[in-house]
Amino acid sequence: MSKEIAKTYEPSSHEDEIYKKWEESGFFNPDNLTGEPYSIMMPPPNVTGVLHLGHALENSLMDVMIRYQRMRGKKALLLPGTDHAAVATQAKVEKLLIEQGIKNPREELGREKLLEKIREYSEQSKATILTQIKKMGTSCDWSRLAYTFDEPRNKAVNEVFVRMYNDGLIYRGYRVVNWSVKGQSTCSDDELVHVERQAKLYTFKYGKDFPITIATTRPETKLGDTAVAVNPNDERYQEYIGKTYVVDVGAAKPLNIKIITDENVEMAFGTGALGVTPAHSAVDFEMYEKQKAKGEPIELIQVIGQDGKMTAAAGGNYVGLKVTEAREKFVEWLKGEDLLEKEEDITQSVGTSDRFGDVVESLPMTQWFVDVNKKIPGKGKSLRELIKEAVEIGHNNNPEQKININPERFEKVFFHWINNLRDWCISRQIWWGHRIPAWYKVNSKFEPEIYVGETPPSGEGWLQDEDTLDTWFSSGMWTFSTLNKSGDAEMFHPTSWMQMGYEILFLWMVRMILMSTYVRDEIPFKDVYIHGMLRDEKGEKFSKSKGNNIDPLEVIEKYGTDALRFSLLNSIAPGNDARFYFEKVEGARNLVNKLWNISRYISGNSNQNELDKEIDSKQFTASDIWILSKMKNLISEVTDDFEKFQFSQASEKLRIFTWDDLADWYLEAAKFEDNKETKGQLLTKINKDLLKLWHPFIPFVTEVIWHEMFNGELLLAGKWPKTDNYESLKEEKFELIKDVITSIRNARSENKVEPAKKIKAVIFAGSHMELIKSQSKLIINLRTGIEEIEILAKGDKPDNAIFITVGEIEIYLLGARDEAKEKIRLTKEIENLEKQIKIVEGKLNNQEFVERAPAAIIEKEKAKLAGWQIELEKLKNISE
RNA sequence: GGACGAUUAGCUCAGUUGGUUAGAGCGCUACAUUGACAUUGUAGAGGUCACAGGUUCGAAUCCUGUAUCGUCCACCA
């Protein structure tokens, strides 16, 4: 490092250049690396906009991991990509177009033109996202860049669809689905956001002569009721079960209401009877199916249409009305007929579309589904069982193929969830997405025909299904659909590690397990690391509507990428939410600068030519031995933390070593020690390994320093430090010296001694005579304000001195004592010691403690007590 | 309604199998003025670990319950 190097590190003048160097080096591409494969698939960000701080956190997590693994000598792959995010993107672009004055984009533009608009938008968004990923310093292999909607991924989607169809796992069925009127599309159960709202619960009868009272919050759907369900064990209704009543509530035709039984009806709730509307409730539809299977069918009457308005079946008074209008009208009618018995306010949770925002309707429709309960041919297990097995005992009961969820508590949530899994509706009526590979035609005998295949069928008259696939169908294959380069899948799958936020655990993780275990007969990843959400400083979610969004690029511009990365990684605990503070980033920036200056100092105080010479351990001082043992320990702990995904703990240990141990103690001491040559070698060795340990967290600054100081190969491809490179030196001598120095500083401060005032110290070192003598230079120079020092084994205590005791060592500071303040200080110390001694004595006098506690603990307590007792005695002597 | 978390210093948070006087950053107080770094240094104040029980020689840590907050799930019509 040359002398002109700036006093402060300026990220913006290095980062782009360094990233370019990394890219050009080829080390981002595992083809250029050797060793055991290690792979991470980047969860592809949606091309709905730009990246936010949450993405910055994810990029930091993935990159810290992949850099660590690369340095560990692995063939490391971090594969980047983006997600076309079907509904989300179309909804977004449609919204933009509406803002631009196009009232109904689908009608006005048509399929091809609208798709063109969406493609344009998504390409732009994609470009921005990729730039942002680079700005974060993410060391991913750009030669393998993937997109969920590009050709290789489309091929994979079609292949898997056809295979599942042929296995009978995908079926086309007429069922009640969630329908977003606003988006004119279905959505799956997992895409619903439940919102609490106020509603009215109406209790009524269909007619004067109807024997059972029912309750509902959706009176308008009652126009389509065809049954009343009661619990089979409910004695109140036994006599009515199986009977059918004809009622006229104003629908197009009088309703045939059959009294049926269902075990899920709770006797205690309301009247214990439930009006069954097969067309507009998933639960009721199930009853409809059950009745059909039993041979006692009930009718299905659809009274709400896809436009959210009442159908003709709802009757002349209702047809064409919005559901809310119809509701009022029906209630009016009930009142008029004196059928309404009760009207009460309740809070209700309703499902809304996560992308379009409207309350979804339940409508019966023909859609495509994935059957999660059907046995897979040749497997004897259902998809649900496959998913569960992979987390519970390992795929195919193979422990090597077990997915570990970290932190573990999310496994509980997973099992709870998997038991409630229902068939997955995968067809969407939007246009942006993978078109369903199914074709229809009517043959010469006027029978409908269907063809499902990877390529269009030959022959005339085939029309492809208009619908597209749920976006998770393609992103579920992400761990392997991305590995389409020859040999990649065998090399890198199952992937090694996957990080994700808990909010998409069930949306995404489960689908990846489903796809991978079914298609590849192996798990998608071995370890899942769940992180929490990043919130603003008030603890609120970042969102556009709140206007509290922060652009990572802004933060980077001001503080540098390293500072952003460190502040994010340092403040997260697995699975827990964290708040983002600019103060944190500022602190991180200061740390980066500290490391910069440490290196700057070291490079100025070591001779490059001596680096290869063997370090002469005979020249070691107490501080040398101390820092070397700290360093050895640091390497082992940081490595350990990485293996346990404890990133924030690793970074914290590095921070403490760097700032407290190295900068504040070791470098300060080094200034006053004589073994300059050895020191230079040691400093360089420690600096090198420290830069390596830091590199995954703060890649830019470490690479810049590395380049300035060592000029050799890139730190990116450096070898992770080994503890073996450090001798096992167990040494606590320097800790004692630190203690002596800190105590002197403290006593000066408490006595309010002027900083400039020089004082004399007399030390009775006892058995530490030799050590204290050898370290006297440090005791004098490290901000203790001592100019003269006298060291004896033992002696008569000097008068009028500040008295300090560090274990058996006695220190007297002459010429600085403030009678009153010293008295206060001594009293405080004595009180403190007495308190501690009392606690330990209490423990040791406790018969049960002595009998039952492990010997090591007891020994520790005894040693503690003995030390304190000596100190206390000395303090008492002096204060008399 | 169910499940899962959280509650530790003024603020934001660590605390890995129960064992020194419970830690850090920021903030605060007093001091230092450039010596690698003022994006700095030195010293200090500040906590009944939400509450109540229990297990244990010993609990922030394990168990039970309560309160408050948060998240997810759910077919109370």
Taking the [atom1] atom in each of [N] and [M], what is the distance between them to the nearest angstrom?
N: U61(B); M: U7(B); atom1: C1'; result: 14 Å
N: A60(B); M: U21(B); atom1: P; result: 12 Å
N: U34(B); M: G25(B); atom1: P; result: 26 Å
N: U17(B); M: A9(B); atom1: C1'; result: 27 Å
N: U12(B); M: G27(B); atom1: C1'; result: 11 Å
N: A59(B); M: A52(B); atom1: C1'; result: 15 Å
N: U42(B); M: U8(B); atom1: P; result: 30 Å

- Message: I'd like to know if Asp641(A) pairs up with Lys653(A) as an ion pair, taking the criterion as any Lys NZ or Arg NE/NH1/NH2 lying under 4.0 Å from an Asp or Glu carboxylate oxygen.
- Response: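 Here Asp641(A) pairs with Lys653(A) in a salt bridge, since their nearest N and O are under 4.0 Å apart.
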- Message: Less than 4.0 angstrom from a charged side-chain N to a carboxylate O is my criterion; do Asp536(A) and Lys538(A) meet it?
- Response: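 Looking at Asp536(A) and Lys538(A), the cut-off is not met.
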What's the closest nucleotide to the side chain of [X] if the choices are [options]?
X: Arg535(A); options: G70(B), A43(B), U21(B); result: G70(B)
X: Glu266(A); options: U21(B), A77(B), A36(B); result: A77(B)
X: Arg600(A); options: A77(B), G25(B), C37(B); result: C37(B)
X: Arg579(A); options: C13(B), A77(B), A36(B); result: C13(B)
X: Pro854(A); options: G44(B), U39(B), G19(B); result: G19(B)
X: Lys864(A); options: U71(B), U21(B), A77(B); result: U21(B)
X: Glu668(A); options: A36(B), G19(B), U12(B); result: A36(B)

Using a cut-off of strictly less than 4.0 Å, decide whether [X] has a side-chain nitrogen or oxygen near OP1 or OP2 of [N].
X: Arg783(A); N: U42(B); result: no
X: Asn576(A); N: A14(B); result: yes
X: Trp417(A); N: C4(B); result: no
X: Lys752(A); N: C31(B); result: no
X: Asn746(A); N: G44(B); result: yes
X: Arg409(A); N: G5(B); result: no
X: Arg422(A); N: C75(B); result: yes
X: Arg655(A); N: A24(B); result: no
X: His194(A); N: C72(B); result: no
X: Lys584(A); N: C13(B); result: no

Tell me: [atom1] of [X] to [atom2] of [N], nearest whole Å?
X: Ile530(A); N: A6(B); atom1: CD1; atom2: C1'; value: 18 Å
X: Glu652(A); N: U12(B); atom1: CD; atom2: C1'; value: 13 Å
X: Met500(A); N: U71(B); atom1: CE; atom2: P; value: 21 Å
X: Ile824(A); N: G44(B); atom1: CD1; atom2: C1'; value: 14 Å
X: Asn590(A); N: A36(B); atom1: CG; atom2: P; value: 19 Å
X: Leu778(A); N: U42(B); atom1: CG; atom2: P; value: 15 Å
X: Lys828(A); N: G44(B); atom1: NZ; atom2: P; value: 8 Å
X: Glu408(A); N: G5(B); atom1: CD; atom2: P; value: 11 Å

At 4.0 Å (heavy atoms only), tell me whether [X] reaches a base, stays on the sugar-phosphate, or touches nothing.
X: Thr271(A); value: nothing
X: Asn605(A); value: nothing
X: Lys671(A); value: base
X: Thr8(A); value: base
X: Ala229(A); value: nothing
X: Arg218(A); value: nothing
X: Trp868(A); value: base

So, does the side chain of [X] form a donor-acceptor pair with the base of [N] at under 3.5 Å?
X: Lys594(A); N: C37(B); result: yes
X: Gln646(A); N: U16(B); result: yes
X: Gln348(A); N: A77(B); result: no
X: Arg589(A); N: U39(B); result: yes
X: Gln649(A); N: U16(B); result: yes
X: Lys7(A); N: A38(B); result: no

- Just do the side-chain contact (heavy atoms from CB on, under 4.5 Å) check on Lys205(A) and Ile214(A) with the steps written out, would you? CA-CA 6 Å; Lys205(A) 278 186 181 177; Ile214(A) 58 162; over 6 Å; no
- Within 45° cone and under 6.0 Å: Lys584(A) NZ/CZ vs Tyr559(A) ring: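 No, Lys584(A) does not sit over the ring of Tyr559(A).
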- Roughly how far apart are Thr271(A) OG1 and Phe204(A) CZ, rounded to 0.5 Å?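 Between Thr271(A) OG1 and Phe204(A) CZ, I get 10.0 Å after rounding to 0.5 Å.
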